[in-house]
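Sending over a structure as structure tokens; questions will come in a sec.
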Amino acid sequence: MKQLRHWQDAVNAVLGAWLVLSPWAISYADETAAMANAVVIGLALVAVAAGAIFVPRAWEEWSEGALGLWMIVAPWVLGFAAHLDARNVAVGTGVAILVLALWTLATDKEYSAWWRRDRTVH
């Protein structure tokens with residue numbers, strides 16, 4: 001069995017599952033834009049995180065970061081910022097996703113070699 005390269009990817013997969021379930025767990029399923037956004041982005045996050053777990057590549061971390069960033073701004077872009085529960089789930093989960101993706105990009109020697117002075121990967 002292959003060893004997990006980044007524990008952050010497994011946590012992001014769990015966060016994706018949380019996003020899918022959150023409209024019903026937190027009772028904002030009646031807020032259509034927030035519910036659809038949570039389900040679609042949650043499924044996308046699970047798929048990208050699974051890819052990062054089984055075939056780790058830097059683009060998957062960048063994709064996770066982009067999904068996290070989208071979740072942070074989505075309440076205002078999609079117009080559900082007034083629904084406090086939906087906004088808090090989106091922003092809180094988005095921040096966690098973004099931080100985990102950036103953490104992985106910053107700490108993995110292969111992924112972060114492009115911005116470090118030492119351009120060689122060992």
Side-chain angles (χ1 to χ4, degrees):
M1 182 170 194
K2 190 175 178 181
Q3 185 171 350
L4 184 63
R5 183 167 173 181
H6 305 115
W7 62 266
Q8 295 91 335
D9 295 322
V11 175
N12 270 338
V14 171
L15 289 172
W18 160 247
L19 282 174
V20 170
L21 299 173
S22 67
W24 296 275
I26 305 297
S27 299
Y28 67 87
D30 59 325
E31 183 65 45
T32 306
M35 185 270 297
N37 184 62
V39 170
V40 169
I41 299 302
L43 291 172
L45 183 59
V46 168
V48 171
I53 289 168
F54 295 111
V55 185
R57 299 287 186 263
W59 70 264
E60 292 154 337
E61 304 305 330
W62 287 107
S63 298
E64 289 175 358
L67 292 172
L69 186 60
W70 168 254
M71 288 304 295
I72 294 168
V73 301
W76 293 273
V77 173
L78 298 178
F80 64 89
H83 194 290
L84 189 61
D85 290 336
R87 183 185 70 208
N88 288 345
V89 167
V91 172
T93 308
V95 167
I97 294 164
L98 181 60
V99 166
L100 290 169
L102 292 175
W103 184 354
T104 302
L105 286 166
T107 59
D108 186 291
K109 289 179 182 174
E110 288 181 34
Y111 297 172
S112 63
W114 65 273
W115 63 272
R116 293 184 186 215
R117 286 179 188 244
D118 178 17
R119 302 275 187 218
T120 60
V121 178
H122 302 284

Q | Atom pair CE (M35) and CG (D30), whose distance is rounded to the nearest 0.5 Å | A | 9.0 Å
Q.
Could you walk me through whether L15 and L100 satisfy the side-chain contact (heavy atoms from CB on, under 4.5 Å) test, starting with their C-alpha distance in whole Å, then the side-chain angles of each, then the deciding distance to 0.1 Å, before giving a yes or no?
A. CA-CA 11 Å; L15 289 172; L100 290 169; 3.9 Å; yes
Q. Do M71 and V73 share a hydrophobic cluster, counting only Ile, Leu, Val, Met, Phe, Trp and Tyr and linking them when any side-chain heavy atoms are less than 4.5 Å apart?
A. yes
Q) With hydrophobic residues grouped by side-chain heavy-atom distances under 4.5 Å, do V40 and F80 end up in a single group? A) no
(Q) Could you check whether any side-chain heavy atom of E64 comes within less than 4.5 Å of a side-chain heavy atom of L45, counting everything from C-beta outward? (A) yes
Q) Minimum heavy-atom separation for N37 to A74, with atom names? A)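 Nearest heavy atoms, N37 then A74: ND2-CB, 3.6 Å.
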Q. Taking the side chain as C-beta and beyond, is there a heavy-atom pair between T104 and W62 under 4.5 Å?
A. no
Q. Taking atom CG of L69 and atom CG of L102, what is their separation to the nearest 0.5 Å?
A.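 Reported to 0.5 Å precision, the distance equals 9.0 Å.
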Q. Do V11 and V14 share a hydrophobic cluster (ILVMFWY, side-chain heavy atoms under 4.5 Å, transitive)?
A.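 No.
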Q | Same apolar cluster: L78 and I97, side chain cutoff 4.5 Å | A |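 Looking at the clustering, I97 is in the same group as L78.
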**Q.** Minimum side-chain heavy-atom gap D85-S27 below 4.5 Å
**A.** no
Q: Tell me whether V77 is reachable from V89 by hopping between hydrophobic residues (I, L, V, M, F, W, Y) whose side-chain heavy atoms are closer than 4.5 Å.
A: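 Linked, V89 and V77 end up in one cluster.
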Q | Nearest atoms (heavy-atom pairs only) where A101 meets N12 | A | N-ND2, 4.2 Å
Q: First locate atom CG of L19, then atom CG of L67, and finally report the distance between them rounded to the nearest 0.5 Å.
A: 9.5 Å
Q: Could you note down all residue pairs passing side-chain hydrogen bond (donor to acceptor under 3.5 Å, both in side chains) where residues 86-97 supplies at least one of them, sequence neighbours left out?
A: W18-T93
